[in-house]
2 protein chains.
Amino acid sequence: MAIEYKTRTQLVVETLREKILSGEIVAGQALRQTALADELNVSRIPVREALLQLEAEGLVTFEPHKGASATELSAAQVDELFELRAMIEGDLLAASLVHITDHALAQATDILVNLDSALGKENAANTWSELNSDFHNCLYSGANRPQTANLVNILNKNADRYIRMHLLWAGGISKAGPEHAELLAFCQARDIDNAVAKLKQHILNSRDEIKAFLLQREAS
Amino acid sequence: MAIEYKTRTQLVVETLREKILSGEIVAGQALRQTALADELNVSRIPVREALLQLEAEGLVTFEPHKGASATELSAAQVDELFELRAMIEGDLLAASLVHITDHALAQATDILVNLDSALGKENAANTWSELNSDFHNCLYSGANRPQTANLVNILNKNADRYIRMHLLWAGGISKAGPEHAELLAFCQARDIDNAVAKLKQHILNSRDEIKAFLLQREAS
DNA sequence: CAATTGCTTATTTTATACAATCTATTATAA
DNA sequence: TTATAATAGATTGTATAAAATAAGCAATTG
């Protein structure tokens with residue numbers, strides 16, 4: 001097993017991404033290159049490059065000569081994002097179920113168990129979010145569509161903040177647990193139509209809950 | 001009308017993108033930072049940052065300590081890319097047609113005229129490609145979905161190389177002219193279902209032609 | 001002679017230093 | 001008082017220099 005080498009830029013990317021997703025860096029906050037460089041004990045160059053990469057992921061906004069800031073999505077943008085996810089992930093799941101292996105389905109079952117038990121514990125949002133991502137990727141593994149999978153991951157990196165936020169502040173995606181189980185059941189039965197419908201419903205449900213939460217917050 | 005300021009990094013991005021899309025930089029070719037910096041009369045930092053941005057667009061691949069190279073998409077990847085485009089652009093068009101203005105449609109008509117006349121002239125591929133992009137964006141202007149529009153643009157930046165290549169080497173997207181006209185007619189009639197079907201067919205047609213061309217080339 | 005090790009060179013990655021730009025504050029004039 | 005200009009400080013953007021890494025070739029060992 002080879003250890004993977006990581007450049008400082010990559011390490012900074014991962015650190016900053018986690019800070020943004022976890023909410024430690026709040027949306028709209030200016031990201032001063034010198035401050036970050038000092039904090040992380042690197043020079044400004046890797047910080048700049050990391051910020052550029054995060055901009056490409058949509059987590060950071062860059063303005064020439066003005067600097068970077070963590071992007072904040074409005075309720076309307078969240079709406080759009082989840083709608084995109086529903087469409088693309090639905091398509092991906094349909095393509096995946098044709099070829100998905102029993103092994104992948106067994107793996108998804110395992111993840112689901114951990115997912116449920118993660119909710120109560122501390123650091124719930126971070127663990128849950130990671131497992132949630134694993135679960136979904138597992139279901140898409142049969143599709144053999146690397147570009148689409150990559151796109152889905154980028155979209156999820158944007159959605160993740162809002163899912164975590166909701167999980168922390170509002171007690172979680174209330175319906176996620178049973179929805180996951182139902183989804184998995186349809187997948188195991190290779191019932192493509194119902195599985196896709198359930199997945200889309202699952203994504204759009206969380207959209208609705210999150211949007212309601214955001215709108216309420218925007219009002220106040 | 002304010003002129004827009006551009007950092008060197010942005011200028012390098014544009015220059016390199018154009019070189020890649022036009023085929024001047026061939027796929028797989030190593031992109032040496034020093035060489036590019038000398039050629040463009042800038043230091044290596046803007047070159048690096050430009051390469052990173054292009055990587056995010058999917059036009060360039062970065063390997064730590066090995067450098068960057070222009071990405072080459074296989075026939076399978078092109079397949080996937082165009083399928084994604086058909087799905088997302090179809091959805092975007094449907095959303096757009098509900099609210100699209102007469103002004104936007106008139107603009108699209110104008111572009112179409114230029115588009116047809118661009119085919120014969122020199123530098124056809126570059127002009128055509130740009131106008132083609134304008135035409136489609138024009139039709140999507142009613143959707144008011146900035147994130148989706150942005151995503152579509154990124155996907156198109158990837159597809160563009162193959163469209164241009166096909167245009168140059170194989171005499172063009174043979175059916176594009178009439179298809180565009182038909183598509184516009186459906187849009188003007190606000191016939192959403194037929195317009196979307198026509199758009200998808202249009203995208204998938206070019207996919208088929210390009211894929212056939214690529215497969216033939218891969219064989220030899 | 002094959003395989004491995006150590007060195008050389010090319011290239012990338014990171015740091016430091018400087019120049020350009022923006023922002024906020026103060027000073028000046030209408 | 002209000003608006004505009006000037007200025008200082010902070011911050012970003014770029015260039016150059018130093019360090020880290022990879023790849024290729026020669027030397028060495030079995």
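Since we're looking at a predicted model, the values are computed, not measured. All chains are named by letter (A, B, ...) in the order of the sequence lines, taking the proteins before the strands, and each is independently numbered beginning at 1.
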Listed pairs, N/O of protein and of nucleotides 21-25 of chain D, under 3.5 Å:
residue	atom	partner	partner atom	Å
dT21(D)	OP1	Tyr5(A)	OH	3.2
dA23(D)	OP1	Lys66(B)	NZ	3.2

* Look at Ser43(A) and dA15(C) and indicate whether a side-chain polar atom (N or O) is within less than 4.0 Å of OP1 or OP2. =>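 Yes, such a contact exists.
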* Any side-chain N or O of Thr9(B) less than 4.0 Å from the OP1 or OP2 oxygen of dG13(D)? ->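 Looking at the OP1 and OP2 atoms of dG13(D), neither is under 4.0 Å from any side-chain N or O of Thr9(B).
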Could you go through nucleotides 5-7 of chain C and list every protein N or O atom that sits under 3.5 Å from one of its N or O atoms, giving the distance for each pair?
none

Looking at residues at least two apart in the chain, or sitting in another chain, which of them share a salt bridge (Lys or Arg N to Asp or Glu O under 4.0 Å) with [X]?
| X | result |
| --- | --- |
| Arg48(A) | Glu49(B) |
| Glu130(A) | none |
| Asp79(A) | Arg207(A), Lys211(A) |

* Nearest 0.5 Å please: distance from the OG atom of Ser133(A) over to the CD1 atom of Ile163(A). =>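 So the OG of Ser133(A) and the CD1 of Ile163(A) are separated by 9.0 Å.
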Spell out, as yes or no, whether a donor-acceptor pair under 3.5 Å connects the side chain of [X] to the backbone of [Y].
| X | Y | result |
| --- | --- | --- |
| Asn156(A) | Val152(A) | yes |
| Tyr162(B) | Leu73(B) | yes |
| Gln77(A) | Ser74(A) | yes |
| Thr109(A) | Leu105(A) | yes |

Listing, residues 51-64 of chain B side-chain donor-acceptor contacts under 3.5 Å, not counting sequence neighbours, or none:
residue	atom	partner	partner atom	Å
Glu55(B)	OE2	Phe62(B)	N	3.3
Glu57(B)	OE1	Arg17(B)	NE	3.0
Glu57(B)	OE2	Arg17(B)	NH2	2.6

* Asked: Can you list every salt bridge (charged side-chain N to carboxylate O under 4.0 Å, His left out) pair that touches residues 134-143 of chain B, not counting sequence neighbours?
  ->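 Found none.
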* Would you mind classifying the nucleic acid contact of Gln33(B) as base, sugar-phosphate or nothing, using non-hydrogen atoms under 4.0 angstrom? =>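 Base, at least one base atom sits under 4.0 Å.
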* To do: Classify the angle between the aromatic ring planes of His136(B) and His202(B) as parallel (below 30°), tilted (30 to 60°) or perpendicular (above 60°).
  =>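 His136(B) and His202(B): parallel rings.
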* For Gly67(A) and Arg8(A), take the nucleotide of DNA chain D holding the closest heavy atom to each; which residue's nucleotide lies nearer the 5' end? ->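 Its nearest nucleotide being more 5', the pick is Gly67(A).
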* When you measure from every atom of DNA chain C, which of residues 44-59 of chain B have a heavy atom less than 4.0 Å away? ->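 Going residue by residue through residues 44-59 of chain B, the ones with a heavy atom under 4.0 Å of DNA chain C turn out to be Arg44(B), Ile45(B), Arg48(B).
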* Contact residues, residues 24-32 of chain B to DNA chain D [heavy atom, < 4.0 Å] ->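 Contacts with DNA chain D under 4.0 Å: none.
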Sequence neighbours left out, cut at 3.5 Å: what donor-acceptor pairs do the side chains of residues 21-33 of chain A make with other protein atoms?
residue	atom	partner	partner atom	Å
Ser22(A)	OG	Glu18(A)	O	2.9
Ser22(A)	OG	Lys19(A)	O	3.3
Ser22(A)	OG	Glu24(A)	N	3.4
Glu24(A)	OE2	Lys19(A)	NZ	3.0
Gln29(A)	OE1	Val26(A)	N	3.1
Gln33(A)	OE1	Arg44(A)	NE	3.3
Gln33(A)	OE1	Arg44(A)	NH2	3.3

* Set of residues satisfying side-chain hydrogen bond (donor to acceptor under 3.5 Å, both in side chains) with respect to Gln147(A), sequence neighbours excluded ->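 side-chain hydrogen bond (donor to acceptor under 3.5 Å, both in side chains) list for Gln147(A), sorted by chain: empty.
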* Asked: Can you name the residues that form a side-chain hydrogen bond (donor to acceptor under 3.5 Å, both in side chains) with Asp91(A), not counting sequence neighbours?
  ->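 With neighbours one apart ignored, the set is Arg145(A).
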Roughly how many Å is it from [atom1] in [X] to [atom2] in [N], rounded to a whole number?
| X | N | atom1 | atom2 | answer |
| --- | --- | --- | --- | --- |
| Leu36(A) | dT14(C) | CG | P | 16 Å |
| Glu63(B) | dT13(C) | CD | P | 10 Å |
| Lys6(A) | dT13(C) | NZ | C1' | 17 Å |
| Phe62(A) | dG13(D) | CZ | C1' | 10 Å |
| Asp38(A) | dT16(C) | CG | P | 11 Å |

